[in-house]
Trainee: 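Can you keep this structure in mind? I'll have questions shortly.
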Amino acid sequence: MTDIGPDPQYSPPHLPAADAAALAARYGLTQAGVRPGLGAYLRDLWGYRHLMWAMAKGEFVAENQDNHLGWLWSILNPILLGISYYLIFGVLIGTRGGIDNFVSFLTIGLFVFIPISLALASGTKVLLSKLKMIRSLTFPRVILPLTVTLAHFVSAGPAFVVLVIIALVSGEPVTLEWLLFPVALLVVLVMCLGFALIGSRIVHTVRDAANLMPLITRLLRYVSGVFFSIEASIERFDNPPEWVGHILEYQPVAVALTLVREPMMAEYPVRWETWAIALAWSFGLFIVGFIFFWRGEGTYGRA
Amino acid sequence: MAERELDPVAATAVDERVPSVVASHVSITYRVFSPGRAEETFDTDDETSAIRRLVRRGSQGVGVREVEAVKDVSFVAYRGESIGVLGSNGSGKSTLLRTIAGLVPPTSGQLWINGRAALLGVNAVLMARLSGRRNIWIGALAMGLTPEEIREKFDDIVAFADIGDFIDLPMSSYSSGMAARLRFAISTCVVPDILVVDEALSTGDAQFRERANERITQIREQAGTVFLVSHNPGAIASMCDRALWIDRGRLLADGKPYPVAGLYTRKYGQHRHIWRERYAEVHRVIEEQGLEAARDLLRRYEPEGGW
């Protein structure tokens, strides 16, 4: 009777924690907000594959519908960007040292780097930008970084076709190695999925990391040989230690660009080292990223 | 704070009702990134506090605040129940229901659910830049339907949402009522085991509300559990057979809708000041004349209160 009034303070009676657990177990209830086992998580993900595809398509549509030319922009944009980069770096600054077919070199570097940078920029922020969706639908959250990255590659599809046309026009001989071009792009996609998986959990936990992403992408744009040959620019320094060159050439993004260039450009023969290192990076990053992201499942959506 | 615990034997001896949600000491804390300060009161003429103020001013725009949206809430919901959740704005009821729907993981405590939960909410849009058609696909796929099942149900969903030609326009062009109808149609295209309705019925016209109520009744009949959030005690009392009152994140009452709604209106309702006076009177009577006299007084105020 002492606890009456307009502002009661007591809690209604409740089960002790152990009995609640026993009750839940007896009727086979599943605990919410906990991380499932890795196997169950993968099965769950497979069950949601249609959703993943629908969302990736949706992202692509949403990105390209707000203007008159629609998806044509996904071709026009990279071409215009390619022309301006060619004018800046090919003509004005002159970074074409040691490259015969600079147009192909530049456009491949640029068009492949764009989805990579988007994976780093928006892929890593996806748990924050899609918070509304996380808070209204249940699905394995790993779908989000995967689909956003996938969508960027779908958007880049027309640009990749343009790359083939540019290579043809600029006089690259058509060889059987061209068949490796789409395979190389897939390897790059897997690498980007890895970036997005690792980055999105980091950004979700430490939001401030998102502010470093533009810096990191910009840095990568300038050191990864998008518009100059790393090999040629290292030669300009006298006697740098060998490992400097190796790091610059074989860091994931640089090796990804080389991987796509080799099948398309006659002056860069396909080398097994490139493939071995690129495959190691991409699958390594993806597997580590997937497990890293999965370990955080059950915490996403609260921040 | 008097905490009472149910006798576990008595609790399990209740007839074989199947629990659908078991919440045990669930707390949910949000991280809010805010330049604001936790406490606003500080002495003005104290020298140390002047320094502190300076530091505070310097760190404005920096910092994280933790907001306890739900504090130590425990309850068991059973199949076939429809439970109203009462609470004023910002009391944590929506957060709690999002946790029940498996969307916001609890910070501490445990929560078990039986089967699949679906959330209906006015503010829960899917992808606003996409057409209703694509949103139906995404929403239905996320609810675990296969593409074949969606193709089968697609026309039903569109018919129930009754949005006509807007189906191919982006959802950002919908009125709030249309978006709410579409959300409702998607979330109820399969009968979820637990349906969480977050004030979805307050929007939409009268006819739609009627159809929505009909569908909720159907879902209840198919042995699901329905949670209905509202700050309208009347709606809860008429539609639910149990009510929870959440106030500032804490569960304060759990029981029949009528008395629980009564408690809520006593604190927040139109006549709250009358009740405040009455309680002051009751406390005075307790002190002066003892408990029995106070009980008589309460019975006079509210004959059905069970005093």
Side-chain angles (χ1 to χ4, degrees), chain A residues 1-35 47-55 57-59 61-63 65-66 130 132-139 143 207 297-303, chain B residues 1-6 8 11-12 18-19 22 24-25 28 30-31 33 72 74-76 98-99 101-107 110-114 117 119 121 124-127 129-130 134 137-139 141-142 147 250-255 263 266-267 272 275-276 279 282-283 286 291 294:
Chain A
M1 280 302 275
T2 49
D3 197 31
I4 57 169
D7 196 5
Q9 290 302 315
Y10 59 84
S11 300
H14 59 264
L15 286 173
D19 293 318
L23 181 68
R26 192 145 54 89
Y27 288 97
L29 272 66
T30 46
Q31 194 171 353
V34 290
R35 159 162 59 90
Y48 279 102
R49 64 192 181 281
H50 297 294
L51 174 68
M52 229 156 85
W53 186 238
M55 275 167 65
K57 270 195 296 189
E59 289 279 334
V61 171
E63 252 163 56
Q65 69 175 9
D66 283 350
K130 292 265 185 289
K132 234 181 191 164
M133 191 156 193
I134 291 179
R135 288 195 186 154
S136 54
L137 292 173
T138 355
F139 54 85
I143 284 179
R207 261 186 212 209
E297 184 82 22
T299 65
Y300 305 129
R302 206 187 299 132
Chain B
M1 189 162 105
E3 281 211 24
R4 289 171 288 161
E5 292 197 335
L6 279 184
T12 49
V18 182
V22 178
S24 175
H25 302 284
I28 301 154
Y30 275 111
R31 273 188 303 165
F33 291 80
D72 196 26
S74 306
F75 65 89
V76 179
R98 262 150 214 258
T99 302
L103 301 170
V104 178
T107 316
Q110 286 151 311
L111 182 104
W112 293 268
I113 52 179
N114 199 350
L119 173 81
V125 213
L126 302 175
M127 292 167 94
R129 288 163 78 189
L130 294 185
R134 279 183 195 276
W137 273 91
I138 290 173
L141 284 170
R250 293 186 37 232
L251 179 65
L252 289 186
D254 174 358
L263 284 170
R266 261 171 242 171
K267 182 162 180 187
R272 57 188 181 277
W275 275 102
R276 207 159 294 151
Y279 280 120
V282 168
H283 280 284
I286 289 175
L291 288 176

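Within every chain, numbering begins at 1; the chains are lettered A, B, ... in the order of the sequence lines, protein sequences first and strands thereafter. What's counted below: heavy atoms across the whole structure, side chains too, no hydrogens, waters or symmetry copies.
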Trainee: For the residue pair A/Tyr300 and B/Pro105, what are the closest heavy atoms and their distance?
Mentor: O-CD, 3.4 Å
Trainee: What heavy-atom pair brings A/Leu23 and B/Pro19 nearest, and what distance separates the two atoms?
Mentor: CG-CG, 4.1 Å
Trainee: Pick from B/Asn114, B/Val22, B/Ile113, B/Leu111: which one has the most heavy-atom pairs with chain A under 4.5 Å?
Mentor: B/Ile113
Trainee: By a 4.5 Å heavy-atom criterion (distance strictly below it), what part of B/Ala101 contacts chain A: side chain, backbone, both, or neither?
Mentor: backbone
Trainee: In Å, rounded to the nearest 0.5 Å, how long is the span from CD1 of B/Ile138 to CG of A/Leu51?
Mentor: 7.0 Å
Trainee: Between A/Ala54 and B/Leu141, which heavy-atom pair has the shortest distance, and what is it?
Mentor: CB-CD1, 3.7 Å
Trainee: Determine the option with the most heavy-atom pairs under 4.5 angstrom with chain A, choosing from B/Leu130, B/Val104, B/Ile28.
Mentor: B/Leu130
Trainee: Under a 4.5 Å cutoff for heavy-atom pairs, which residue among A/Ile143, A/Ile134, A/Thr30 has the most contacts with chain B?
Mentor: A/Thr30
Trainee: If you tally heavy-atom pairs under 4.5 Å against chain B, which of A/His50, A/Lys130, A/Glu59 wins?
Mentor: A/His50
Trainee: Starting at CZ of B/Arg134, measure out to CE of A/Met55 and round the result to the nearest 0.5 Å.
Mentor: 13.0 Å
Trainee: Given that the side chain runs from C-beta out, which part of A/Ala22 has a heavy atom under 4.5 Å from chain B: side chain, backbone, both or neither?
Mentor: neither
